[in-house]
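Scroll down for the structure; my scribbles are underneath it.
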Amino acid sequence: MAQTYDVIVVGSGPGGYPAAIRASQLGLKVAIVEKESLGGICLNWGCIPTKALLKSAQVFEYIKHAKDYGINAGEYSADFGAVIKRSRGVADTMSKGVSFLMKKNKIDVIMGTAKMKGDKTISVTDKDGKSTDYTAGKGVVIATGARARELPNIKIDGQKVIEYRKAMSLENQPGSMLVVGSGAIGMEFAYVYASMGTKVTVVEFLPNLVPVEDEDISKEIAKQYKKLGIDTYVNSTVQSVDTSGAGCKVSVKTPDGEKTFEVDIVLSAAGIVSNIENIGLEETGIKTDKGKITVSEWYETSVPGYYAIGDCTPGPALAHVATAEGIICAEKIAGHKTEALDYGNIPGCTYCQPEIASVGFTEKKAREAGYDIKVGKFPFKASGKAVGAGVTDGFVKVIFDSKYGEFLGAHMIGANVTEMIAEVVVARKLETTSHEIMRAIHPHPTMSEALKGAVEAAYGEAIDL
């Protein structure tokens, strides 16, 4: 007979392991299945190790500009191998942390590859090829995540044409790199490698860099990347990649005609594709649409007893979204009354330098939605904290509905703005007005004062502009 649990979670990434923990907290007997490393892509090959790389790049940038702070740093250089090793060490530490959390919460960890069999039963095949069946009395949660998308004309070979995993573990620093795609992954790696001396070119198919962001943000990051020596091409398409020589010969169609780039490495960062193949969806009748598992607002699939969360579902492919979905899903399975996730109030962050953070409507989207809006902007060059810290690039931009004062959105680019956006998320959830933001005391001097300053600017009450 199959071993039985109340809940079985397939995948231990930022959606899976919080779902397992929350289910256990609610008194359910839980198992989690993982085929590779606890923590999934996020902890091992995504969010966490990339932040370690970015920190190394930021420190190196500080050293380069030490004289600006009155410090003579002497001779310095970037040890690429040591930077990569530190990043992998950080990932390993975090993965061990998830293992500790599984033990703490009495969650059984089953290593292997899972396949749905129906009747809330899954088969798990271990590394030796042995298969074992497990049954969930209340529900199976599918949290299998996603992987890098491979474009038809950019074949990933893992040597000269790589995806994000390989970009985090290259043995040698390339002299030149072409990055395909200017989303968070592409922009972050572009910054890391350019900061350490690689000549980087970014190619984006859409009209703006970081195309999901407000257009003012896109213009600012383009300006900052130009200062870093990063060449960027928008409205451009990679036609072909020739890897027959020592490096890569890349043909790119740009608004100014076709250009050829000769680089050591091509990093394909053109989105992700869900991991839903060969996991038994067809056999169990679980419906999919456009490569994603279709789910209800409570993450129920088309087959009772099976749920799905995270990057394998249609929601935003963000770690914090997967976590929220996992917790809500676990609470629903346990029979608790819970609150559906508001997908209109999801923050997005890109951790290059300067950082980018946003939530809600862009100015363009707000106007397209028919809002009469008030827009306020506060540049960091007017911030005492930013001037003192030497990080005056960027600004905070806020958007309000003129009629009712609804806080429609905020868009930030600058140092540490990924730590500031949560204030806006909470404010919007609480339906906070501009008056409350302006009257809430923001400590001085801090970068966070820029949010207050932007709100004041939107209503013609700016003090420091």
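Because the structure is predicted, anything quoted here is derived from the model rather than measured. Heavy-atom basis, side chains included; hydrogens, waters and symmetry copies ignored.
- Remark: aromatic rings of F407 and F400 are close, center separation under 6.0 Å.
- Atom CG of residue L170 and atom CZ of residue F80 lie 5.0 Å apart, to the nearest 0.5 angstrom.
- Judged by distance alone, the side chain of D401 and the main-chain N or O of Y404 form a donor-acceptor pair under 3.5 Å.
- With T432 contributing its side chain and A427 its backbone, the two residues share a donor-acceptor pair below 3.5 Å.
- Checking H442 against E423 by side-chain atom types alone, a donor-acceptor pair falls below 3.5 Å.
- A salt bridge links D214 and K397; the closest N-O separation between the charged side-chain nitrogens and carboxylate oxygens is under 4.0 Å.
- Of the possible donor and acceptor atoms, one in the side chain of Q173 sits under 3.5 Å from a partner among the backbone N and O of M196.
- With hydrogens and angles disregarded, no donor-acceptor distance shorter than 3.5 Å links the side chain of E355 to the backbone of A415.
- One finds the NZ atom of K115 at 12.0 Å from the CG atom of D133 (value rounded to the nearest 0.5 Å).
- Without hydrogens or angle criteria, E436 side chain to T433 main chain gives a donor-acceptor distance under 3.5 Å.
- Under a 3.5 Å cut-off, the side chain of H411 and the backbone N or O of E363 do not form any donor-acceptor pair.
- Distance NZ/K85 to CG/D92: 12.0 Å, rounded to 0.5 Å.
- Residue-environment remark: CG (N153) exceeds the threshold of 12 foreign heavy atoms within 6.0 Å.
- A salt bridge links K429 with E339; the closest basic N to acidic carboxylate O contact falls under 4.0 Å.
- The distance from atom CD1 of I21 to atom OG1 of T323, rounded to the nearest 0.5 Å, is 9.5 Å.
- Between the side chain of D128 and the backbone N or O of K130, no donor-acceptor pair lies under 3.5 Å.
- Salt-bridge check for E449 with K385: failed, with every basic side-chain N at 4.0 Å or more from each acidic carboxylate O.
- In this pair, Y5 and Y134 present their aromatic rings tilted. The plane angle is within the 30 to 60° band.
- Between the side chains of T125 and T113, no donor-acceptor pair is found at a separation under 3.5 Å.
- Checked for salt-bridge contact, R165 and E36 meet the test: a charged N lies under 4.0 Å from a carboxylate O.
- A donor atom on one side chain and an acceptor atom on the other are not found under 3.5 Å apart for S218 and E213.
- Proximity of a side-chain donor or acceptor of R22 to a complementary backbone N or O of I328 within less than 3.5 Å is not detected.
- Considering OH of Y193 and CD of E188, their distance stands at 13.0 Å, rounded to 0.5 Å.
- Checked by atom type and distance alone, the side chain of R88 pairs as donor or acceptor with a backbone atom of N44 at under 3.5 Å.
- Annotation: K29, atom NZ; neighbour count of heavy atoms from other residues, nucleotides and ligands within 6.0 Å is above 12.
- A salt bridge links D216 to K377: at least one charged side-chain nitrogen sits closer than 4.0 Å to a carboxylate oxygen.
- Around CD of E277, the count of heavy atoms belonging to other residues, nucleotides or ligands within 6.0 Å exceeds 12.
- For T284 (side chain) and G280 (main-chain N/O), a donor-acceptor pair under 3.5 Å exists by modelled atom type.
- Atoms SG and CD1, from C349 and I356 in turn, are 10.0 Å apart once rounded to the nearest 0.5 Å.
- Between R149 and E163 there is no salt bridge, since no side-chain N of the basic residue sits under 4.0 Å from a carboxylate O of the acidic one.
- Under the 6.0 Å distance and 45° angle rule, K120 does not count as a cation-pi partner of Y306.
- With ring centers used as reference points, Y191 lies 6.0 Å or more from Y351.
- Side-chain atoms of T135 and T4 form no donor-acceptor pair, as typed in the model, at a separation below 3.5 Å.
- Within a 6.0 Å radius of NZ in K160, more than 12 heavy atoms belonging to other residues, nucleotides or ligands are found.
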